[in-house]
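Before anything else, here's the structure in question.
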Amino acid sequence: VKVKIPFGDKYLDAIFSVPEKKPTYGVILTHGAGGDMNFPHLVSLAAYLASHGVLCLRFTCKGLNVAYRTKAFKAVVEYLKFCDDYKLSGVFLAGRSMGSRAAASVIRQLSEGDDDDGFIQGLVCLSYPLHRPKLQSKLRDEDLLLITCPVLFVSGSADEMCEKQLLEGVVRKMKAPKKIHWIDKANHGMAVKGRTADDVMEEVNGQVFSWLRENVQLQHK
């Protein structure tokens with residue numbers, strides 16, 4: 001289902017992937033610095049989640065400014081929260097690369113305000129860009145260290161923007177419940193020599209869904 005989400009004086013293009021049964025939980029998903037919501041990995045993940053009963057709303061926000069992308073992500077969260085068509089108990093924010101930085105930033109900002117009502121259940125970071133290529137000295141970890149909701153990282157062990165030991169170091173310092181799933185030998189674009197893109201995506205999708213399911217169940221105990 002295609003929708004347009006109000007954002008300032010503009011609209012963001014978005015698409016709902018809707019499960020057959022009425023969903024209780026949703027995932028908001030966005031792309032990295034390049035591309036848009038039709039990036040194959042996002043399309044694949046959205047279809048997978050919807051087929052497993054999770055509503056998925058993916059949106060496009062062009063712009064290389066993280067603050068701008070964060071504002072757009074916030075607008076989408078508000079839209080879904082008050083959307084009459086889907087009454088959700090909670091939502092997980094997910095993004096690829098720069099989109100995951102924006103998602104982390106939204107969660108940190110909302111948790112600092114008075115309006116933290118538990119609607120946001122967790123964060124999924126696909127290929128989180130922890131540093132620029134070959135610039136490992138400056139880590140983009142400030143939001144991650146302040147988040148308290150559950151976080152899943154799915155990263156390639158050969159990601160040139162996320163050195164394995166550096167991410168593991170950041171994760172050790174995080175207060176939030178967290179998990180890293182390494183895709184063996186994958187680069188920042190999740191490409192692995194000798195494996196098809198579909199094969200890699202199957203691994204990513206399965207990991208994301210099982211983590212979502214665990215976290216939803218944990219809250220219901």
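The analysis underlying the following values was restricted to heavy atoms, covering all of them including side chains, and did not include hydrogens, waters or symmetry mates. Fair warning: this is a prediction, and the values are worked out from it, not measured in the lab. One is the number of the first residue; the rest follow in order along the sequence.
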Quick check against the 3.5 Å criterion: does Ser111 have a side-chain atom that pairs as donor or acceptor with the backbone of Ile107? yes
Any donor-acceptor N/O pair, Asn187 side chain to Met190 backbone, under 3.5 Å: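 Flag set: sc Asn187 to bb Met190 pair under 3.5 Å.
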Which pairs with one or both residues in residues 157-166 pass side chain to side chain donor-acceptor pair (under 3.5 Å), sequence neighbours excluded?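 Qualifying pairs, neighbours excluded: Asp159-His188.
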Least distance between heavy atoms, Cys149 atom then Ala176 atom: O-CB, 3.1 Å
Verify, without hydrogens or angle tests, whether Arg140 (side chain) and Pro129 (backbone) share a donor-acceptor contact under 3.5 angstrom.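 Checking the backbone N and O of Pro129 against the side chain of Arg140, a donor-acceptor pair under 3.5 Å is found.
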What verdict does the salt bridge (Lys or Arg N to Asp or Glu O under 4.0 Å) test give for Lys4 and Asp13, after you've listed the backbone C-alpha separation in whole Å, the side-chain angles of each residue and the deciding distance to 0.1 Å? CA-CA 5 Å; Lys4 289 205 174 283; Asp13 286 315; 2.5 Å; yes
Shortest non-hydrogen separation from Lys62 to Asp36 and the atoms involved: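 Lys62 and Asp36 have their closest heavy atoms at NZ-CB, 4.1 Å.
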Single-linkage hydrophobic cluster, 4.5 Å side-chain cutoff, Leu146 and Leu167 together: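 Cluster IDs for Leu146 and Leu167 differ.
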May I ask you to test the Val200-Asp198 pair for a side-chain heavy-atom distance under 4.5 Å? no
Backbone of Ala103 reached by a side-chain donor or acceptor of Arg69 within 3.5 Å: no
Checking one residue: Phe82. Which other hydrophobic residues are in its cluster under the side-chain 4.5 Å linking rule?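 Answer for Phe82: none, a lone residue.
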Please find the pair of heavy atoms, one from Cys61 and one from Tyr68, that lie closest to each other, and give the distance.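 Smallest heavy-atom distance, with atoms named: SG-CE2, 3.7 Å.
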Just by distance, do the side chain of Lys81 and the backbone of Val91 share a donor-acceptor pair under 3.5 Å?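 No; zero donor-acceptor contacts below 3.5 Å.
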Treat each ILVMFWY residue as a node, draw an edge where side-chain heavy atoms are under 4.5 Å apart, and state whether Phe73 and Ile15 are in one component.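 Different hydrophobic clusters.
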Could you give me the CA-CA distance, side-chain angles and deciding distance for Glu168 and Trp182, then say whether side chain to side chain contact (heavy atoms under 4.5 Å, CB included) is met? CA-CA 11 Å; Glu168 284 170 347; Trp182 293 107; 3.2 Å; yes
Compare every heavy atom of Lys178 with every heavy atom of Val171, then report the nearest pair and how far apart it is. O-CE, 2.9 Å
Could you give the distance from CG (Leu144) to NZ (Lys175), rounded to the nearest 0.5 Å? 11.5 Å
Minimum-distance pair of heavy atoms, taken over all atoms of Tyr86 and Val1: OH-CG2, 4.4 Å
Evaluate the side chain to side chain contact (heavy atoms under 4.5 Å, CB included) criterion for residues Leu123 and Ile147: first the C-alpha distance (whole Å), next the side-chain angles of each, then the deciding distance (0.1 Å), finally the verdict. CA-CA 9 Å; Leu123 169 65; Ile147 286 173; 3.8 Å; yes
Side-chain touch Leu93/Val124, heavy atoms, less than 4.5 angstrom: no
Determine whether Thr60 and His31 satisfy the following criterion, side chain to side chain contact (heavy atoms under 4.5 Å, CB included), listing intermediate values before the conclusion. CA-CA 7 Å; Thr60 294; His31 54 90; 3.8 Å; yes
Please give me the minimum heavy-atom distance between Val151 and Cys125, naming the atom from each residue.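 Heavy atoms only, the tightest pair is CG1-SG, 4.3 Å.
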Is the side chain of Ser105 donor-acceptor paired with the backbone N or O of Arg101 at a distance under 3.5 Å, no angle test? no
Can a salt bridge be assigned to the pair Glu203 and Arg195 using a cut-off of 4.0 Å between side-chain N and carboxylate O?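 Looking at Glu203 and Arg195, the cut-off is met.
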Could you list the donor-acceptor pairs under 3.5 angstrom formed by side chains in residues 41-59, with sequence neighbours left out?
from	atom 1	to	atom 2	distance (Å)
Ser44	OG	Asn205	ND2	2.9
Ser51	OG	Ala47	O	3.4
Ser51	OG	Tyr48	O	2.7
His52	ND1	Tyr48	O	2.8
Arg58	NE	Met37	O	2.8
Arg58	NH2	Asn38	OD1	3.2

Does His131 use its side chain to pair, donor to acceptor, with the backbone of Leu166 at less than 3.5 Å?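 No; judged by distance alone, with no hydrogens or angles, the pair does not exist.
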So Phe153 and Tyr128, would you call those rings parallel, tilted or perpendicular, with 30° and 60° as cut-offs? perpendicular
